[in-house]
Every structure is written in structure tokens, then in C-alpha cells.
Novice: 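Here it is, the structure in full.
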Amino acid sequence: MESKGMAIRKIIFLVCVLLTQGSWANEFSQCEDADQFPELNDSLCGSVSVPLLHEAKNDRTIELFVRKFPALQQSQGQLWLVAGGPGESGASFYSTINTFRESFASLDIFVADHRGAGFSSSICRGENVDSIAGKVLVGEEWGQCFLQMYSDLEYVSAFSITNAAKDLQLLMKSLGGSGQNFIYAVSYGTQLVLRASQLKGFEVDGLILDSLVPMQDDQAFDLSQRSKVVDIVGKDLLSKCDHLKACGVDGEQMKASLSKLLAKSNNLQDFSASLPNGSLTNTLGMMLDIPHIRNQLPAIIQSLANNDASQLVSAVAEIESYYAQFNPGYNNFGSSIPLVQIITASENNLRPQLTKAEVNQEQTDLLFTSPLPSLMAENSMPTYDKDAFYAALPKTLPRTMVIHGSLDPKTHFKGAVAHSDELAKRGKLALITIVDGVHFSALNAPKCFKQHAQLFVSNEAKSVTCHDPSSLVRFNTKSF
């Protein structure tokens, strides 16, 4: 049974939370970077202290950074944006924030940095904007980080999905105003929000789950299988050569051509200087994330077969330019590698025994791959124990909309559908399928996203397919 002292401490903690709900809402002030970026010019910023372990017996606290974008119209509620990762900061939304503000014009929008990411408290001291490379660990900072983590395992283990979910619940209760409360989450953020939905007392009027992750015990689409998933999507894309009649050859011939090319260039010496990490299959896999670059793949493959790497070089430059636009200089932009590794190793890797050599062997015959399985293998960072929420689903759900691309190379469509089917048993759910869509529909299929987000807020969303001009496969045929 719970001791009398413990019960008193819990009551004191709850009273403190209630007393601070009003004051926290007034803690927002103009952001220091508001005049540096047009998209942030009316944003407000605040920092909130939360329990490290969300237990009254533990008095250690951390800081969470929250940015607020006031509603463009008269406010009728709140929308919380939950970033992916794990490890990404809320700054991943800043460059596209106007899409959300226009889609939810009558809602105040809140964007928090996950614990361990951005301006929120970091796992390691070197992960701060004033260090050598800002939030990115470099050089000796890695050794210092490992020493710090292993000398304080209680602190590190607190950076779990469940504690991050409790952060979200506490922030929503403390900072939210009147009206309706909605959550939009993308990728890993959908996992975090569904974890929060298992918590006692978690209340929200609606969930929008973009690029829904598979269930945690789904072995077919586990993160250790990411290269296989990417390969399936890449081959499905090439098969569209048949339907579109735009490649000069059919999809099977295109796959055979690429397979022959990879076998001939086993060490990729012909192209390694042109590639971000020396891997042609990883580079081709990266292209699947970006619709306008993905459309160049048949032409790139054919040109490589003719010993011409110029189109590949051009596409790699486009990839770098594409991603650069999302960070014009936000100080809290980026991912925390320690946070990524700790959460992934603790909860999102169903094959932790795999070695890097075994990963490489599994990928031998794949045409498209991801670097993720190799990065996950042979983890050397601390882990935390799984809790009762692991691989479980909420008993009930508020009304929910899942929006997902049919050619998503990160969270496979079949895994999302299987997950959605289970969630639909627990509440009203609409599945919006973006035809040919990739990851992060709000970014890559903005027309469909705006349309169905507005329908969802009005409680009119239904399961449909949506064709967005930004996401449809239209192969670049100039070089065929």
C-alpha cells in the first residue's frame, strides 16, 4: 500500500500543478529569434519546469521549451504539434508553420521541444547552442557524453517515451486555454501521442496522426527492417513505369538494370565520390522521400547504366538544397543522437542482437536501403526498461484522423493500415490515403492535408483517398 507520506507528497505536487496552470499561461513572452525569421515574428516563447520522473518522490526537474503561435482568427482552442524522431525538436515545424496556421486558423498552436531535444533540457552537456557545433556532438564531446550518461543512469533512463508523454499531458493541462484541444503528430510523434492516450486523465478532442508508425510489436515493419521497407517502396515506384508508360522500359527491366549496375559496381568506386555516405543504395533510398527528386530515379538509373553519373551528382545536390531550406538558422533545429539511440534501443528495435555485419549481409541483394539498421546495430548507449505501456494500445480514443502516403518509405502504408484497424476498434477513425504520397503529409501533400484537416476539426472527416499534385508520381522523361 502507498505510505501516508507518499500520498501527502502526491497531493502537494498536484496542488502545485493546479496553482501554476494560470501563471504558466502568462509566462510566454516574445521570442528572442522572432525578428530573425518572418515565420516566427509573432511567436511567443516560454520555458516550463517539469519533474524528471513525474513522481512526487523525486524532486529533480528539467526544463521544457514551448513556442506558441497565436491563432490567425479569434481563438477557439488549441492545437499541439508533436514532432517526430525520436530526437527531433519542434523547430522541424517552423519552416512550414504557415501550413498549419492556415489549416487551423482559429486555433492557437503550441510547439514544444521534446525532453532531450532543442532548447529543452539535454541528455548531455555538449548538446547546447553554445557548444562547438551547437546541438550536435563532435569530437571530445562524445566521450564526455558517454561518461556523463553512464555516471547518472537515473537521469538518462528518464528520457523515455512514457515520460515524454507525461510531459505532453502536463503541458496541455497547464498551458491550454478554453475551447477545444487537438493534437497533430507526425511519425515517431504518433507513437508518443498514442502513449499519452494510455495515461489516466489524458483528455483531448481529436488526434491527427500523420505518417502513423506501425505497432511496436509489428515484426514486419520494425525499425530493424527499415531497409527492406525502403526496398519494397523503391521497387513499387519503379513498377509504376509500366502503368505510366514513361520510362521507355517496364519496371522489371528497370529493376534488373539497377541490380546489374549494383553487382558490377559492388564497391561503388565509380560513384562513391558523388554520394553523401558512399552508398548508392542508401542514396537511392533517400530519394524516395522527396517527390520531385524521386521522379528522376528512372532517368538516374539509366544514365548510371551508361556510365554517366552527372544526373546522380545533380540529384544529390538537390537533396542537400532541399533539406537546407528547412533550417535557415534556427538555433534549436536538429535531432539529439543520444536521445534517438536511447529510445530506439530501449523500445523500437525488435532485433537488438543483430550485428552490423549481419545487417550488411541482409542488405546484399536490396536495390534501395536505409542507413538506420546499421546505425541501430551494436548499440553502446544506456537503455531503460520497458514499462507496462510498451506495445499496448489506448483503451479508448477520441475521434482520430490518420493521414498516410501509399508510397511512404519510412512508415510503410501496410503497417499504418494494420495499426489503424486496431485503433478503429477503440474510437471513431478516418483514414486519409495520399495516393503515391511519401512521409510527412502536411509537408509533402499540403493540398490534401489542408482540406482534410479542416474537415476533421469540423467533425466531417471520412476515410477517402486523396490525389495531391505535389505527391503524384510523374517521372521526369527528358533523359529517356
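One is the number of the first residue; the rest follow in order along the sequence.
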Novice: Taking side chain to side chain donor-acceptor pair (under 3.5 Å) as the test, write out the residues that go with Asp387, two or more places apart.
Specialist: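 So Asp387 forms a side chain to side chain donor-acceptor pair (under 3.5 Å) with Thr162.
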Novice: Which pairs pass salt bridge (charged side-chain N to carboxylate O under 4.0 Å, His left out) with one or both residues in residues 330-339, sequence neighbours excluded?
Specialist: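 Those involving residues 330-339 do not exist here.
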Novice: Which class fits the ring pair Phe93 and Tyr184: parallel under 30°, tilted 30 to 60°, perpendicular over 60°?
Specialist: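 Judged by the thresholds at 30° and 60°, the geometry between Phe93 and Tyr184 is perpendicular.
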Novice: Do Leu423 and Leu209 have side-chain heavy atoms sitting under 4.5 Å apart?
Specialist: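 Yes, at least one pair of side-chain atoms sits under 4.5 Å.
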Novice: Check whether Asp468 reaches the backbone of Lys447 with its side chain - one donor and one acceptor, N or O, closer than 3.5 Å.
Specialist: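 Judged by distance alone, yes, a pair lies under 3.5 Å.
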Novice: Using the side chain to side chain contact (heavy atoms under 4.5 Å, CB included) rule, take Leu107 and Phe182 through it: C-alpha gap first, then chi angles, then the decisive distance, then the call.
Specialist: CA-CA 9 Å; Leu107 300 177; Phe182 296 97; 3.8 Å; yes
Novice: Does Ala317 offer a backbone N or O that forms a donor-acceptor pair with the side chain of Ser321 under 3.5 Å?
Specialist: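 No; zero donor-acceptor contacts below 3.5 Å.
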Novice: Please work out whether the ring planes of Phe65 and Phe119 are parallel, tilted or perpendicular, with thresholds of 30° and 60°.
Specialist: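 The arrangement is perpendicular - the two ring planes meet at more than 60°.
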Novice: May I ask you to test the Pro291-Ser470 pair for a side-chain heavy-atom distance under 4.5 Å?
Specialist: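 Heavy-atom side-chain distance check fails, nothing below 4.5 Å.
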Novice: Please confirm whether the backbone N or O of Pro38 pairs with a side-chain atom of Asn41, one donor and one acceptor, at under 3.5 Å?
Specialist: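 It does hold such a pair.
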Novice: Which atom pairs, one a donor and one an acceptor, fall under 3.5 Å between side chains of residues 454-462 and the rest of the protein, sequence neighbours left out?
Specialist:
residue, atom, partner, partner atom, Å
Ser458, OG, Gln454, O, 3.1
Asn459, OD1, Lys428, NZ, 3.4

Novice: Is Lys240 paired with Asp436 through a side-chain N to carboxylate O contact shorter than 4.0 Å?
Specialist: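 Between Lys240 and Asp436 there is a salt bridge, with a charged N closer than 4.0 Å to a carboxylate O.
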Novice: My understanding is that only one of Asn348, Ile343, Ile342 makes a side chain to side chain contact (heavy atoms under 4.5 Å, CB included) with Ser346; could you say which?
Specialist: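 That would be Ile342; it is the only one of Asn348, Ile343, Ile342 passing the side chain to side chain contact (heavy atoms under 4.5 Å, CB included) with Ser346.
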Novice: Which pair of non-hydrogen atoms, one from Ser420 and one from Leu212, has the smallest distance, and what is that distance?
Specialist: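 Taking every non-hydrogen atom into account, OG-CD2, 3.5 Å.
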Novice: Which heavy atom in Pro382 sits nearest to a heavy atom in Val156, and how many Å separate them?
Specialist: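 Shortest heavy-atom separation between Pro382 and Val156 comes out as CB-CG1, 4.1 Å.
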Novice: Distance-only criterion, 3.5 Å: show the donor-acceptor pairs between side-chain atoms of residues 366-373 and protein atoms not counting sequence neighbours.
Specialist:
residue, atom, partner, partner atom, Å
Thr369, OG1, Thr281, OG1, 2.8
Thr369, OG1, Asn282, N, 3.2
Thr369, OG1, Asn282, OD1, 2.5
Ser370, OG, Leu372, N, 3.1

Novice: Pairing donors with acceptors under 3.5 angstrom, does anything connect the side chains of Asp408 and Thr411?
Specialist: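 Note: Asp408 and Thr411 side chains meet the donor-acceptor criterion.
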Novice: Minimum heavy-atom separation for Asp289 to Pro409, with atom names?
Specialist: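 Closest heavy-atom pair between Asp289 and Pro409: OD1-CG, 3.0 Å.
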Novice: Establish, for the pair Arg115 and Phe159, whether the NZ or CZ atom is under 6.0 angstrom from the six-membered ring centre and no further than 45 degrees off its axis.
Specialist: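 Flagged: Arg115 positioned over aromatic ring of Phe159.
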Novice: Using side chain to side chain contact (heavy atoms under 4.5 Å, CB included) as the criterion, point out the one residue from Leu237, Asp231, Asp236 that pairs with Leu288.
Specialist: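 Only one of Leu237, Asp231, Asp236 forms a side chain to side chain contact (heavy atoms under 4.5 Å, CB included) with Leu288, namely Leu237.
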Novice: Check the side chains of Tyr330 and Glu39 for a donor-acceptor pair under 3.5 angstrom, ignoring hydrogens and angles.
Specialist: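 Side-chain D/A pair, Glu39 to Tyr330: present.
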Novice: Heavy-atom count check: over 12 atoms from other residues, nucleotides or ligands less than 6.0 Å from Gln74 CD?
Specialist: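 No, because the 6.0 Å sphere around CD of Gln74 holds 12 heavy atoms or fewer from other groups.
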Novice: side-chain hydrogen bond (donor to acceptor under 3.5 Å, both in side chains) between Ser121 and Glu63: does it pass, once the steps are laid out?
Specialist: CA-CA 5 Å; Ser121 293; Glu63 297 294 312; over 6 Å; no
Novice: If a pair satisfies disulfide (SG to SG under 2.5 Å) and one of its residues is in residues 425-473, list it, with sequence neighbours excluded.
Specialist: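 Every pair satisfying disulfide (SG to SG under 2.5 Å) with a residue in residues 425-473: Cys448-Cys466.
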Novice: Do you know the tightest heavy-atom contact between Gln219 and Gln225?
Specialist: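 What the structure gives for the nearest pair is O-CG, 3.4 Å.
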Novice: Backbone N or O of Glu422 within a donor-acceptor pair of the Arg426 side chain at under 3.5 Å?
Specialist: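 Side chain of Arg426 to backbone of Glu422: a pair is present.
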Novice: Go through the side-chain N and O atoms of His404 and Thr433 and say whether any donor and acceptor fall under 3.5 Å apart.
Specialist: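 Judged by distance alone, the side chains do not pair up.
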Novice: Considering residues, nucleotides and ligands other than Gln361, do more than 12 of their heavy atoms fall under 6.0 Å from its CD?
Specialist: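 No, because the 6.0 Å sphere around CD of Gln361 holds 12 heavy atoms or fewer from other groups.
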Novice: Quick one: list whatever passes salt bridge (charged side-chain N to carboxylate O under 4.0 Å, His left out) with Glu362, sequence neighbours left out.
Specialist: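 For Glu362, the residues satisfying salt bridge (charged side-chain N to carboxylate O under 4.0 Å, His left out) (neighbours in sequence not counted) are Arg351.
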Novice: Are any side-chain N or O atoms of Ser174 and backbone N or O atoms of Leu170, one a donor and one an acceptor, separated by less than 3.5 Å?
Specialist: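 A pair under 3.5 Å: yes.
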Novice: Under 3.5 Å, is there a donor-acceptor pair between the side chain of Thr190 and the main chain of Val186?
Specialist: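 Judged by distance alone, no pair lies under 3.5 Å.
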Novice: What residues form a salt bridge (charged side-chain N to carboxylate O under 4.0 Å, His left out) with Asp108, not counting sequence neighbours?
Specialist: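 None.
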Novice: If we only count heavy atoms from C-beta on, is the Arg399 to Leu207 side-chain gap below 4.5 Å?
Specialist: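 Not in contact.
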Novice: Run the side-chain contact (heavy atoms from CB on, under 4.5 Å) test against Ala391 and tell me which residues pass, sequence neighbours left out.
Specialist: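 For Ala391 the side-chain contact (heavy atoms from CB on, under 4.5 Å) partners, ignoring immediate neighbours, are Gln216, Asp217.
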Novice: Measuring from Thr400:OG1 to Leu194:CG, what's the distance to the nearest 0.5 Å?
Specialist: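 The OG1 atom of Thr400 sits 7.5 Å away from the CG atom of Leu194.
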Novice: I need the minimum non-hydrogen distance between Arg474 and Pro469, along with the two atoms involved.
Specialist: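 It is NH1-O, 3.2 Å.
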Novice: Between Pro338 and Met149, which heavy-atom pair has the shortest distance, and what is it?
Specialist: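 Nearest pair, atom of Pro338 first, then Met149: CB-SD, 4.4 Å.
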Novice: Mind running side chain to side chain contact (heavy atoms under 4.5 Å, CB included) on Ile62 and Tyr155 for me, showing each step along the way?
Specialist: CA-CA 10 Å; Ile62 58 173; Tyr155 183 79; 4.1 Å; yes
Novice: Would a distance-only check, ignoring hydrogens and angles, find a side-chain to backbone donor-acceptor pair under 3.5 Å from Ser187 to Ser211?
Specialist: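 Answer holds: no.
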Novice: Could you check whether any side-chain heavy atom of Ile293 comes within less than 4.5 Å of a side-chain heavy atom of Met286, counting everything from C-beta outward?
Specialist: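 A side-chain contact is absent here, since even the closest heavy-atom pair is not under 4.5 Å.
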Novice: Counting N and O atoms only, with roles assigned by atom type, does the side chain of Ser75 sit under 3.5 Å from a partner on the main chain of Ala71, one being a donor and the other an acceptor?
Specialist: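 Absent.
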Novice: Kindly write out the residues that satisfy salt bridge (charged side-chain N to carboxylate O under 4.0 Å, His left out) with Glu358, not counting sequence neighbours, or none if the list is empty.
Specialist: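 Glu358 satisfies salt bridge (charged side-chain N to carboxylate O under 4.0 Å, His left out) with no residue once adjacent residues are dropped.
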Novice: Any pair with a residue in residues 372-386 that passes side-chain hydrogen bond (donor to acceptor under 3.5 Å, both in side chains), sequence neighbours left out, goes on the list, sorted by first then second residue, please.
Specialist: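 Passing the test, one end in residues 372-386: Glu347-Tyr384.
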Novice: Hey, could you give me each pair passing side-chain hydrogen bond (donor to acceptor under 3.5 Å, both in side chains) that has a residue in residues 84-95? Not counting sequence neighbours.
Specialist: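 Output for this query lists Arg67-Tyr94, Glu88-Ser92, Tyr94-Asn332.
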Novice: Take atom CD of Glu203 as the centre, draw a 6.0 Å sphere, and report whether it contains more than 12 heavy atoms from other residues, nucleotides or ligands.
Specialist: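 Open.
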Novice: Please name all residues satisfying side-chain contact (heavy atoms from CB on, under 4.5 Å) with Thr99, sequence neighbours left out, ordered by chain then number.
Specialist: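 Applying side-chain contact (heavy atoms from CB on, under 4.5 Å) to Thr99 gives Ser103, Phe449, Lys450.
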Novice: Walk me through whether Ile290 and Val438 qualify under side chain to side chain contact (heavy atoms under 4.5 Å, CB included).
Specialist: CA-CA 7 Å; Ile290 310 170; Val438 296; over 6 Å; no
Novice: Test your reading of the model: is there a side-chain donor-acceptor pair from Asp113 to the backbone of Gly90, 3.5 Å cut-off?
Specialist: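 Such a contact is found between Asp113 side chain and Gly90 backbone.
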Novice: Using a cut-off of 6.0 Å, state whether more than 12 heavy atoms not belonging to Gln253 lie near its atom CD.
Specialist: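 Buried by this count: over 12 neighbours within 6.0 Å.
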Novice: Between His114 (side chain) and Ala164 (backbone), is there a donor-acceptor pair under 3.5 Å?
Specialist: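 No, the answer is negative, given that no donor and acceptor are paired below the 3.5 Å cut-off.
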Novice: Do the rings of Phe100 and Phe104 sit parallel, tilted or perpendicular, given the 30° and 60° boundaries?
Specialist: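 Plane angle under 30°, so parallel.
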